[in-house]
Amino acid sequence: MPEVPAVPDAGSLSARVTRALDPDGPIAAALDGFETRPSQRVLADRIAHLFEAGGTLVAEAGTGTGKTLAYLLPAVLSGQRVLVSTGTRALQDQVFYKDVPALARALGRSIRAAYMKGRTNYLCRHRFERLQEAAGSLPPDQRAWTARIAEWARVTATGDRAEIDDLPDDLSLWPDMTATSDQCLGRHCAAYDNCFVTRMREQAAAADVVIVNHHLLCADASVRQGDFGEVVPACNLMIVDEAHQLEDVATQYFGVAVTKAGVDELARDTHRAVETASGPALALIACAQAIRAAQDAAHRLFDVARTDPNEGARVGDRAVLTAANAASLRRAATALDNALGGLATALAAVPGQADGLAGARTRTERLRSDLQLVTSAGDPRYVYYVERGRRSVALRAAPIDASAIIRDSVIGRRHAVVLTSATLAVGRSFDYSLSRLGVHEADTLQLPSEFDFRRQAVLYLPPEMPDPRSPEFNAAAADVIERLLACTRGRAFVLFTSYAAMHDVHRRLDGRLEWPLLTQGAAPHSALLREFRATPHAVLLATASFWQGVDVAGEALSCVIVDRLPFASPSDPLVAARLAAIETQGGHPFHDYQVPLAALLLLQGLGRLIRTRSDRGVLAVLDPRLTRMPYGQRFLAALPPAPITDDLDEVRRFLSRDETDDGAVA
């Protein structure tokens, strides 16, 4: 490796960052194929100035900018502990396992980095010991997993379940081996000093860069006042990558949910604590009876929630829970509340209060509080609804406006905060993202993609399509998709806004294509992605989870087709509540919320196509509203500057061109 030029310790942070990114600087000398990118240098310089002066920067950095290096470099050179939060586990892995080590090699220095996941990724020694005590009563397959995990537990340094390659995602035993924040005994636990979460926390406290994801960031902020306290250490400098996802995650973690599975889990943990506790027999028998009573009451409540004939407006699996129809649940909810109160009283009556019983009592009281909130439907800051799945029912309360929560609890009072993503502005306006993230005093920066979309891509808009809300649309979409795939020889993502449309189009295309056809739901997300990459000319039909955070570079993905503009359904309880709130405040719900949200989602979906400078391919949007409706111009203005055509012959000519041809589509 060539000699690495040193980055001087003297001078401003901005000057040191600029020196590191110079064409003859340490990064260019150490990283093969590194080329200086103007947008990357601008972003890195702005972040360096921000870290010194303080404040908030909202930066849209288009694909190919190299934004990860642009924010990691000033973070590492700042000399302070910096918190980096990513929207996806994939990006978290990339930052920790790839980008930080590469930057350390380039700078010729060590970088202390900590990778932090949510608690349930880590083995809880205390709960695992309790499970082992009852292992003899487990089925043979579960005993085998318990024995294998016991061997791993003796040698693992992290306790992270990801170390066990073939551990099933849905292993039913794992929840009994790990601890959520309300199950954790904190400093009262005998295994506290040897706890994997304690160890993770200590490593993070000594790190230069702490790498979390938005789920942990928000979960940690929501339980910061708990017995264990926060696990993410204090950091005055914070970078939020994939910031467009933060509102959804904050809404999830600062909402409240009461589920049948949650009650059953509490009952199971409490029963195990009672079985191993010492105390008067009558007191322990009373606890066991109270547990059964609480479970019975919960089952009755969720039976009512599943079959309630007086449900409000619903969309998909969600039905809004208004004050009127909440009354139909109140009797069953009151019975459960009384049963939980009886359980808390019974647990408190056991002398000595072993740690397991104390934790169960705390969880029981918290469940009572959550139950009262989700069935009251009385706080105007929340929207209340029932969520019915095939095997589950949940009563939920979600904050209608999460912006103040993000501003005060997630971002908090830090010296400097960077909120960045490839998609934050609609056209040239950041108004939507600033309002949803609760950021009112911030500098903004919009950097174009480093990719040449005029050469690398073409946007196909079919000339004749029925209204996307009509029954004829899916049939027409299937015909267009078939013709497009003939041009691209498969190698495509076809992204849908609903499972119903995806399955309908799959039924219509099945047997008509010569290319391998994969469909979301047929296998786990990661397995489908591996199969797509490994299968020549494959076509993947998918919905929401494939619109973001999925990278397939090269010829394996040469076409991305979107069936409809991804408008949020106004019938969804949360969306409806947010639209009503905007209207109450004098805004225009459709133009202020639905259009910008859909535009950013569309950009994310189409962004799957061009991931490197050598990628080429076809973008296609089948929704005719893009050209027929006045608001369509807002979408078109936000899209990458690829040439637009409605002629499939032009698409074929584009695909047949040599990569070095700079010709444009008419």
Side-chain angles (χ1 to χ4, degrees), residues 13-14 16-17 43-44 46-59 67-89 91-96 99-100 103-104 109-119 181 197-226 228-243 245-246 249-250 253-254 405-421 437-439 441-443:
L13 177 59
S14 176
R16 286 180 284 139
V17 166
L43 179 58
R46 287 288 294 271
I47 293 173
H49 280 292
L50 182 83
F51 281 177
E52 291 186 317
T56 302
L57 173 66
V58 179
K67 72 176 183 300
T68 308
L69 177 60
Y71 63 64
L72 280 179
L73 182 59
V76 169
L77 295 181
S78 70
Q80 300 184 56
R81 183 167 60 227
V82 180
L83 178 64
V84 176
S85 183
T86 68
T88 61
R89 181 71 58 77
L91 181 55
Q92 193 182 12
D93 285 345
Q94 175 193 312
V95 172
F96 182 77
D99 297 328
V100 168
L103 183 58
R109 58 185 288 182
S110 62
I111 299 174
R112 295 175 298 176
Y115 187 130
M116 303 188 75
K117 299 180 182 179
R119 295 173 184 269
S181 58
V197 174
T198 301
R199 191 176 300 171
M200 173 187 70
R201 187 183 185 188
E202 291 171 347
Q203 291 171 346
D208 303 313
V209 181
V210 180
I211 305 162
V212 303
N213 56 53
H214 298 350
H215 290 271
L216 176 58
L217 179 70
C218 293
D220 184 69
S222 70
V223 300
R224 203 174 294 266
Q225 291 77 32
F228 193 92
E230 70 277 10
V231 296
V232 178
C235 299
N236 280 324
L237 305 180
M238 181 168 77
I239 297 157
V240 179
D241 200 348
E242 300 175 312
Q245 298 183 24
L246 190 55
V249 179
Y253 280 96
F254 286 88
I405 294 171
I406 294 171
R407 180 190 65 232
D408 298 335
S409 298
V410 180
I411 294 175
R413 299 194 176 193
R414 304 179 196 266
H415 176 68
V417 176
V418 178
L419 299 157
T420 187
S421 172
L437 295 172
V439 178
E441 295 182 3
D443 292 329

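Values below: every heavy atom of this structure, side chains too, minus hydrogens, waters and symmetry copies. Worth saying up front: this structure is predicted, and the values here are computed from it rather than measured.
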Go through it in stages, so that I can follow the logic: the residues are V95 and Y71, the test is side-chain contact (heavy atoms from CB on, under 4.5 Å), and I'd like the CA-CA distance, side-chain angles, deciding distance and then a yes or no. CA-CA 11 Å; V95 172; Y71 63 64; 4.0 Å; yes
Suppose we screen for side-chain hydrogen bond (donor to acceptor under 3.5 Å, both in side chains). Which residues come up paired with T420, at least two apart in sequence or across chains? none
A221 versus F254, closest heavy-atom pair with distance: CB-CZ, 3.8 Å
Write down the atom of A442, the atom of V58, and the distance for their closest heavy-atom approach. CB-CG2, 4.0 Å
Any side-chain heavy atom of R413 sitting closer than 4.5 Å to one from D408? no
Can you measure from CG (L72) to CD1 (I239) and round to the nearest 0.5 angstrom? 6.5 Å
Where the side chain of R201 meets the backbone of V232, is there a donor-acceptor pair that is under 3.5 Å apart? no
Is any side-chain heavy atom of L83 closer than 4.5 Å to a side-chain heavy atom of R414? yes
Can V417 and L57 be said to form a side-chain contact (heavy atoms from CB on, under 4.5 Å), step by step? CA-CA 6 Å; V417 176; L57 173 66; over 6 Å; no
How many angstroms lie between OG in S85 and CG in L216, if you round to the nearest 0.5 Å? 8.0 Å
The test is side-chain contact (heavy atoms from CB on, under 4.5 Å); show your working for V76 and D208 and say whether it passes. CA-CA 7 Å; V76 169; D208 303 313; over 6 Å; no
Partners meeting side-chain hydrogen bond (donor to acceptor under 3.5 Å, both in side chains) with T86 (sequence neighbours left out): none
Roughly how far apart are C218 SG and L246 CG, rounded to 0.5 Å? 5.0 Å
Taking C-beta and beyond as the side chain, do I411 and L419 meet within less than 4.5 Å on heavy atoms? yes
With R89, which residues qualify under side-chain hydrogen bond (donor to acceptor under 3.5 Å, both in side chains), at least two apart? none
Non-neighbouring partners of E202 that pass side-chain hydrogen bond (donor to acceptor under 3.5 Å, both in side chains), sequence neighbours left out: none
Looking only at heavy atoms, what is the nearest atom pair of P74 and A44, with distance? CG-O, 4.0 Å
Using 0.5 Å steps for rounding, measure from the CD1 atom of I211 to the CE atom of M116. 11.0 Å
Electrostatic pair D241-K67, nearest N-O below 4.0 angstrom: yes
Y115: what forms a ring pair (Phe, Tyr, Trp, His ring centres under 6.0 Å) with it, not counting sequence neighbours? F96, Y97
Return the OG to NE2 distance between S78 and H415, rounded to the nearest 0.5 Å. 10.0 Å
Are side-chain heavy atoms of V210 and V84 found at a separation under 4.5 Å? no
Does H215 have any ring pair (Phe, Tyr, Trp, His ring centres under 6.0 Å) partners at least two apart in sequence or in another chain, and if so, which? Y253
Please step through side-chain contact (heavy atoms from CB on, under 4.5 Å) for the pair L69 and L103, ending with a clear verdict. CA-CA 8 Å; L69 177 60; L103 183 58; 3.8 Å; yes
Ignoring hydrogens, what is the shortest heavy-atom contact between A243 and L437? Give both atom names and the distance. O-CD2, 3.8 Å
Apply side chain to side chain donor-acceptor pair (under 3.5 Å) to the pair D99 and Q94, showing each step before the final yes or no. CA-CA 6 Å; D99 297 328; Q94 175 193 312; 2.9 Å; yes
Does F51 reach the side chain of V418, with side-chain heavy atoms less than 4.5 Å apart? yes
Whether the side chain of R112 engages the backbone of V209 through a donor-acceptor N/O pair (distance < 3.5 Å, no angle test) should be reported. no
For a 4.5 angstrom cut-off between non-hydrogen side-chain atoms, does L77 reach R109? yes
For the atom pair NE2 (H214) and OG1 (T88), what is the distance rounded to the nearest 0.5 Å? 8.5 Å
